[in-house]
Amino acid sequence: MKLPAKFEEITSSYLGEEWDRYLASYEEEGYYGLRSNPLKIKGTEFLKFCPYAYSKVDWCDTGYYYDANLVQPAKHPYYHAGLYYIQEPSAMLPASLLPVNPGDKVLDLCAAPGGKSTQIAGKLMGEGLLVSNDISVSRAKALVKNLEMAGMDCGVVTSEKPEKLAKVFKGFFDKVLVDAPCSGEGMFRRQPQMMKDWEEKGPDFYSEIQKDILESAIRMLAPGGNLVYSTCTFSPEEDEAVIAWILDQYEDLSVVEAFDFPGREHGHPEWIGSDREDLKNAYRMWPHKIHGEGHFAILLKKADGKPAKIKSAKGSKKMPKEAESFLKDVCLNTKGRVFQVIKDKVYLVPDVMPEMKGIRVVRSGLYLGDIKKNRFEPSQSLAMALTKEDYPRIVDLSIEDDRVVQFLKCESLMVDGPQGWVLVCVDGFPLGWGKLSRGQLKNKYAAAWRWI
């Protein structure tokens, strides 16, 4: 693999004697990872269902490596049941650093395709609020699917510019994650096509974008809150320099060190000619030092102060009458939430969610289903947010049963079970809805999710 000459010149000067080791990593096969989903399965049980997850990722409690030569985890029913999310191992670091607790209000500002948001959702455990934003509408729609598959039930997905969000959410979020767009130097081994973009734009192009995004993020961070800034690049112009700049702009920010792990490299203020010792608390990952690709991350804290007062969105504590008959049998977590009906679609939204006038909302809370001619049809996202104990009528198929894949292909099935709406599961994990009549199951699995 031929690296850009300018990149080699700059990076070799930083690495010195380690340059040959770094260069040799391009001849090695990369590492593949996945994360277990605490919303679906406990970590102690995960390996019983997914034995192909062979060892832990040092910096992520729920992260595991798998051998891509032996298994394709995306082609497994457990993936479609949301038991795990496939993610490059080093990309698990930023959300691991962010100290999210159940009940927090969290923002993932550059969220698509959803790896970090699903990781945050697992920390919230259905309590609080997660706003996942991506400026691209098409990418935000992919983000919705990944969050729904994970069983996220206290999230909102938006597609807006950060500066517009900052006008609505000033001082609102307890925790913020900014995984900023970058020159992608850390992904050259996995995605060689990124080298062309690097040669055309380079670090200077991205550093200005990163500063704008980060400044908006800081405005949305509540007093006493934490923010993680991360990139998948080694460039100090996009890493230490951006952080040094934001620390100079906001005196109420400080750098925090969360934890250490083998192979982690600290920040390098000397690379930008700075004497800020706090920049050494950053995290830089090199592919010749850790089992993963390149990454940079740093944890910041905002000083304590007076919390912001923001008006919550309107909604009803009472569910729509058309949905009442169906949802009375569903064990729903409605504490701290309100119902909203938008164009005959019913949502369950955290009541701390602010008024969103003027903001492009792609998904407003947990989408429960549709009101159709005085009846209610449950959604795929509702099925994924439930456990088998949350609904009284289920059809539970074994992983060895061919009908599992048939169901995921949206085919009708012949099964025994209770009449009417049933929650179809694989080994006790929900996959979607079906409507059963006289042994024939009419498949209601989301067509857009169909196994291909």
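Please read all numbers here as calculations on a predicted model, not as lab measurements. We use all heavy atoms of the structure for the numbers below, so side chains are in, but hydrogens, waters and symmetry mates are not.
- The backbone N or O of Ala95 lies less than 3.5 Å from a partner atom in the side chain of Lys123, making a donor-acceptor pair.
- Between the side chain of Glu88 and the backbone N or O of Ser90, at least one donor-acceptor pair lies under 3.5 Å.
- Checking side-chain atoms of Gln440 against main-chain N and O of Ser412 turns up no donor-acceptor pair under 3.5 Å.
- Two residues are said to be in side-chain contact when any heavy atoms from C-beta on lie closer than 4.5 Å; Ser437 and Gln419 meet this criterion.
- Counting heavy atoms from C-beta outward, Leu441 and Val415 have side chains that approach closer than 4.5 Å.
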Next on the checklist: Please determine whether side chain to side chain contact (heavy atoms under 4.5 Å, CB included) holds for the pair Val178 and Val228, giving the CA-CA distance in whole Å, both sets of side-chain angles, and the decisive distance to 0.1 Å.
Outcome noted: CA-CA 6 Å; Val178 179; Val228 165; over 6 Å; no
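- Listed by first and then second residue, the ring pair (Phe, Tyr, Trp, His ring centres under 6.0 Å) pairs involving residues 116-140 amount to none (not counting sequence neighbours).
- Looking at Lys56 and Asp61, no side-chain N of the basic residue comes within less than 4.0 Å of a carboxylate O on the acidic one, giving no salt bridge.
- Here the CG-CG distance, from Leu431 to Leu397, works out to 8.0 Å after rounding to the nearest 0.5 Å.
- Ring pair Tyr283/Phe261 is parallel by interplanar angle, where below 30° counts as parallel and above 60° as perpendicular.
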Next on the checklist: Under the criterion side chain to side chain donor-acceptor pair (under 3.5 Å), I'd like the reasoning laid out for Asp179 against Ser230: C-alpha separation, chi angles, the key distance, then a yes or no.
Outcome noted: CA-CA 5 Å; Asp179 187 47; Ser230 66; 2.6 Å; yes
Next on the checklist: One pair to check against side chain to side chain contact (heavy atoms under 4.5 Å, CB included): Arg363 and Glu148. What are the steps and the verdict?
Outcome noted: CA-CA 10 Å; Arg363 174 67 83 239; Glu148 289 182 341; 2.9 Å; yes
Checklist entry - Run the side chain to side chain donor-acceptor pair (under 3.5 Å) check on Thr158 and Asn133 step by step: do they pass? => result CA-CA 5 Å; Thr158 59; Asn133 179 77; 2.8 Å; yes
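- Within the 3.5 Å criterion, the main-chain N or O of Tyr84 finds no donor-acceptor partner in the side chain of Lys40.
- Taking a cutoff of 4.0 Å between a charged side-chain nitrogen and a carboxylate oxygen, Asp239 and Arg284 qualify as a salt bridge.
- Summarising the geometry of Phe376 relative to Val346, their closest heavy-atom pair is CE1-CG2, 4.0 Å, with the distance given to 0.1 Å.
- Counting heavy atoms from C-beta outward, Asn69 and Glu29 have side chains that approach closer than 4.5 Å.
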Item to check | Stepwise side chain to side chain donor-acceptor pair (under 3.5 Å) test for Thr231 and Thr233 | outcome: CA-CA 5 Å; Thr231 70; Thr233 195; 5.4 Å; no
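- Between Asp58 and Arg264 there is no salt bridge, since no side-chain N of the basic residue sits under 4.0 Å from a carboxylate O of the acidic one.
- Checked against the 6.0 Å centroid threshold, Trp449 and His80 do not count as a close aromatic pair.
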Checklist entry - Can you list the steps and then say if Glu400 with Ser398 is a side chain to side chain donor-acceptor pair (under 3.5 Å)? => result CA-CA 5 Å; Glu400 287 83 19; Ser398 166; 2.6 Å; yes
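- With Arg375 contributing its side chain and Asp370 its backbone, the two residues share no donor-acceptor pair below 3.5 Å.
- Between the side chain of Ser25 and the backbone N or O of Pro287 there is no donor-acceptor pair closer than 3.5 Å.
- Counting heavy-atom neighbours within 6.0 Å of Lys309 NZ, excluding the residue itself, gives a total of 12 or less.
- Side chains of Asp108 and Ser117: a donor on one and an acceptor on the other come within 3.5 Å.
- Shortest non-hydrogen contact noted between Val422 and Pro418 is CG1-O, 3.4 Å.
- Counting all heavy atoms, side chain and backbone alike, Pro262 lies closest to Ile290 at O-CG2, 3.7 Å.
- If you look at Tyr64 and Tyr52, their ring centroids are not closer than 6.0 Å.
- Of all heavy-atom pairs spanning Gly171 and Pro223, the tightest one is O-CD, 4.3 Å.
- Panel note: side chain Arg450, backbone Lys409; a donor-acceptor pair is recorded below 3.5 Å.
- Judged by distance alone, with hydrogens and angles left aside, the side-chain atoms of Asp396 form a donor-acceptor pair with the main-chain N or O of Asp427 at under 3.5 Å.
- With Asp390 contributing its side chain and Thr387 its backbone, the two residues share a donor-acceptor pair below 3.5 Å.
- Residues Ala140 and Val362 approach most closely at CB-CG2, 4.0 Å, considering heavy atoms.
- The two residues Ile218 and Lys302 have their closest heavy-atom pair at O-NZ, 3.0 Å.
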Item to check | ring pair (Phe, Tyr, Trp, His ring centres under 6.0 Å) assessment of Phe49 paired with Tyr78 | outcome: CA-CA 8 Å; Phe49 288 89; Tyr78 290 157; 5.7 Å; yes
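- In summary, Glu208 and Lys211 engage in a salt bridge, as defined by a charged side-chain N under 4.0 Å from a carboxylate O.
- The environment of NZ in Lys75 is crowded: more than 12 heavy-atom neighbours from other residues, nucleotides or ligands sit within 6.0 Å.
- Counting only heavy atoms from C-beta outward, the side chains of Ile86 and Tyr66 approach each other to under 4.5 Å.
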Item to check | side chain to side chain contact (heavy atoms under 4.5 Å, CB included) assessment of Cys182 paired with Gln210 | outcome: CA-CA 8 Å; Cys182 68; Gln210 291 154 356; 3.6 Å; yes
Checklist entry - Would Cys60 and Arg35 count as a side chain to side chain contact (heavy atoms under 4.5 Å, CB included) if you check the C-alpha gap in whole Å, the side-chain angles of each, and the deciding distance to 0.1 Å? => result CA-CA 8 Å; Cys60 179; Arg35 282 184 296 97; 3.9 Å; yes
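- Under the 6.0 Å cut-off for aromatic ring centres, Tyr32 and Tyr65 do not qualify, their centroids lying 6.0 Å or more apart.
- Interatomic distance, CZ of Arg337 versus CG of Leu332, reported as 8.5 Å (0.5 Å rounding).
- Residue Lys444 holds its NZ atom at 6.5 Å from NZ of Lys435, rounded to the nearest 0.5 Å.
- Cation-pi geometry between Lys318 and Phe339 is not satisfied (NZ or CZ under 6.0 Å from the ring centre, within 45° of the ring normal).
- Atom NZ of Lys321 and atom CD1 of Ile371 lie 9.5 Å apart (nearest 0.5 Å).
- Looking only at distances, no side-chain donor or acceptor of Asp174 sits under 3.5 Å from a matching main-chain atom of Asp104.
- Note that CG of Leu97 is 12.5 Å distant from NZ of Lys175, once rounded to the nearest 0.5 Å.
- Between Gln72 atom CD and His76 atom NE2 the span is 12.0 Å, to the nearest 0.5 Å.
- Applying the ring pair (Phe, Tyr, Trp, His ring centres under 6.0 Å) test to Phe7 and every residue at least two apart in sequence or in another chain returns Phe188, Trp198.
- Side-chain contact between Met149 and Gln380 is absent, with no heavy atoms from C-beta onward closer than 4.5 Å.
- Residue pairs meeting the ring pair (Phe, Tyr, Trp, His ring centres under 6.0 Å) criterion with at least one partner in residues 377-408, sequence neighbours excluded, are Phe326-Tyr391, Tyr391-Trp433, Phe407-Tyr445.
- Within a 6.0 Å radius of NZ in Lys170, no more than 12 heavy atoms belonging to other residues, nucleotides or ligands are found.
- For CG of Asp416, the number of neighbouring non-hydrogen atoms (other residues, nucleotides, ligands) closer than 6.0 Å is 12 at most.
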